**Student:** 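Once you've had a glance at the structure underneath, I'll fire off some questions.
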Amino acid sequence: MSNYIIAPPATPALPIAGSDRLFPIHRVYCVGRNYADHALEMGGDPDREPPFFFQKNPDNLQACDSFPYPAASHDVHHEIEMVVALKSGGVDIPPEAALDCVWGYGVALDMTRRDLQARAKEMSRPWEVAKAFEQSAPCSPLVATESVGHRAAGAIWLDVNGTRRQSGDLAQMIWKVPEMISYLSGLFRLAPGDIIMTGTPAGVGPVVRGDLMHGHIEGIGDLRVRVV
Ligand code: MN
């Protein structure tokens, strides 16, 4: 018996590669414009505007092989990103200690209603309607640092229907993983189960129903998702 007046929602979680264990999700922090070539394609200037953060909801992140095209948009874009999963947190974490917080990594898509995002930018409104909708972040099983080490370099790419759309290298990230963790911990109390989506390289673009998205990050794995 419990005192909850409705059944408590399930804890969002991601699978662990090669295991039946699960990584429970606390919060999801996403970094915007963390690759210079993507900042440029979005009309920004990476030399003048540093990267910034927004959030998705924990249950937006799901390991699944399909992405339901969302309502209320006619311009939904793919953004391939490395995910960092934290096993510990805290406040004011120095960059030198930040990697001690990392449990592992994954491959995810930051699916974005670009038309609603553009309208939000024009009107100086927040981004939730563009970013934090249901199943907006399909994600691969996570891999542990114990197995793959820390990922600071390596190819990151996305094919749609077999054609390369996005291509970059983790080494191109403006804010590296330790800097992201340190910066976030100055704004929020980071906690075990927090996820950081680390930004996307250039080449974002629209998908339509039926498209097959295949993302890959060297040393981490693959993600295959059909738009339905
Ligand atoms: Mn993104």
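These numbers were taken from a predicted model, which means no experiment stands behind them. Indexing begins at 1, ligand by ligand and atom by atom, following the structure's order. The first residue of the sequence shown is numbered 1, and numbering continues consecutively from there.
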**Student:** Please say which of Val225, Val228, Val160 ends up in a side chain to side chain contact (heavy atoms under 4.5 Å, CB included) with Asp211.
**Tutor:** Val160

**Student:** The Mn ion (ligand 1) is nearest to which N, O or S atom of Asp110?
**Tutor:** OD2

**Student:** Which residue in the set Trp175, Phe188, Tyr29 passes ring pair (Phe, Tyr, Trp, His ring centres under 6.0 Å) when paired with Tyr183?
**Tutor:** Trp175

**Student:** Tell me, which N, O or S atom in Glu79 is closest to the Mn ion (ligand 1)?
**Tutor:** OE1

**Student:** Looking at Glu81, pick out the N, O or S atom nearest to the Mn ion (ligand 1) and give its name.
**Tutor:** OE2

**Student:** Any cation-pi pair here, Arg226 with Phe67, using under 6.0 Å and within 45°?
**Tutor:** no

**Student:** Does either side chain, that of His74 or that of Asp115, offer a donor lying less than 3.5 Å from an acceptor on the other one?
**Tutor:** no

